[in-house]
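Values below: all heavy atoms of this structure, side chains included; hydrogens, waters and symmetry mates excluded. The structure presented is a predicted model; accordingly, all values stated were derived computationally and were not measured.
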Amino acid sequence: DIIIKRTIESFLSDLQADSRKIFIRRYWYMCSVKEIAEEYSISESKVCVSLYRTRESLRKKLEEEGIAV
């Protein structure tokens, strides 16, 4: 659906670069948390927290746009 696509594109473009990179590596390239942590030299915990916060922000954005989650 074009509305969902535009909403997600807008959401991703508004994210901070680090959060966007982590989110895309995990959910587009299907990298493990461990791989992402190693690639960016951060802890696995930091990756998990970033992913959680980004998912929550995306959920809120979709709800604001009237898209059921």
Taking atom [atom1] of [X] and atom [atom2] of [Y], what is their separation to the nearest 0.5 Å?
{"X": "Ser19", "Y": "Asp14", "atom1": "OG", "atom2": "CG", "value": "12.0 Å"}
{"X": "Arg59", "Y": "Glu64", "atom1": "CZ", "atom2": "CD", "value": "10.0 Å"}
{"X": "Arg53", "Y": "Phe23", "atom1": "CZ", "atom2": "CZ", "value": "15.0 Å"}
{"X": "Thr7", "Y": "Leu58", "atom1": "OG1", "atom2": "CG", "value": "9.0 Å"}
{"X": "Lys5", "Y": "Ile3", "atom1": "NZ", "atom2": "CD1", "value": "13.0 Å"}
{"X": "Phe11", "Y": "Glu65", "atom1": "CZ", "atom2": "CD", "value": "12.0 Å"}

pair Tyr40-Arg25: side-chain heavy atoms closer than 4.5 Å |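 Result yes, sub-4.5 Å side-chain heavy-atom pair found.
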Indicate yes or no: at least one non-hydrogen side-chain atom of Ile42 is less than 4.5 angstrom from one of Ile22.
->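 In short, these two side chains touch, coming nearer than 4.5 Å.
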Any sub-3.5 Å donor-acceptor pair from [X]'s side-chain atoms to [Y]'s backbone N or O?
{"X": "Ser10", "Y": "Arg6", "result": "no"}
{"X": "Ser50", "Y": "Lys46", "result": "no"}
{"X": "Arg20", "Y": "Leu15", "result": "yes"}

Quick one: do Ile67 and Asp1 satisfy side-chain contact (heavy atoms from CB on, under 4.5 Å)? Show the steps, please.
-> CA-CA 11 Å; Ile67 300 168; Asp1 186 41; over 6 Å; no
Mark yes when over 12 heavy atoms from residues, nucleotides or ligands other than Glu56 sit less than 6.0 Å from its CD; otherwise mark no.
->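 Atom CD in Glu56 is crowded, with more than 12 foreign heavy atoms closer than 6.0 Å.
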side-chain contact (heavy atoms from CB on, under 4.5 Å) assessment of Leu51 paired with Tyr27 | CA-CA 10 Å; Leu51 290 169; Tyr27 297 112; 3.7 Å; yes
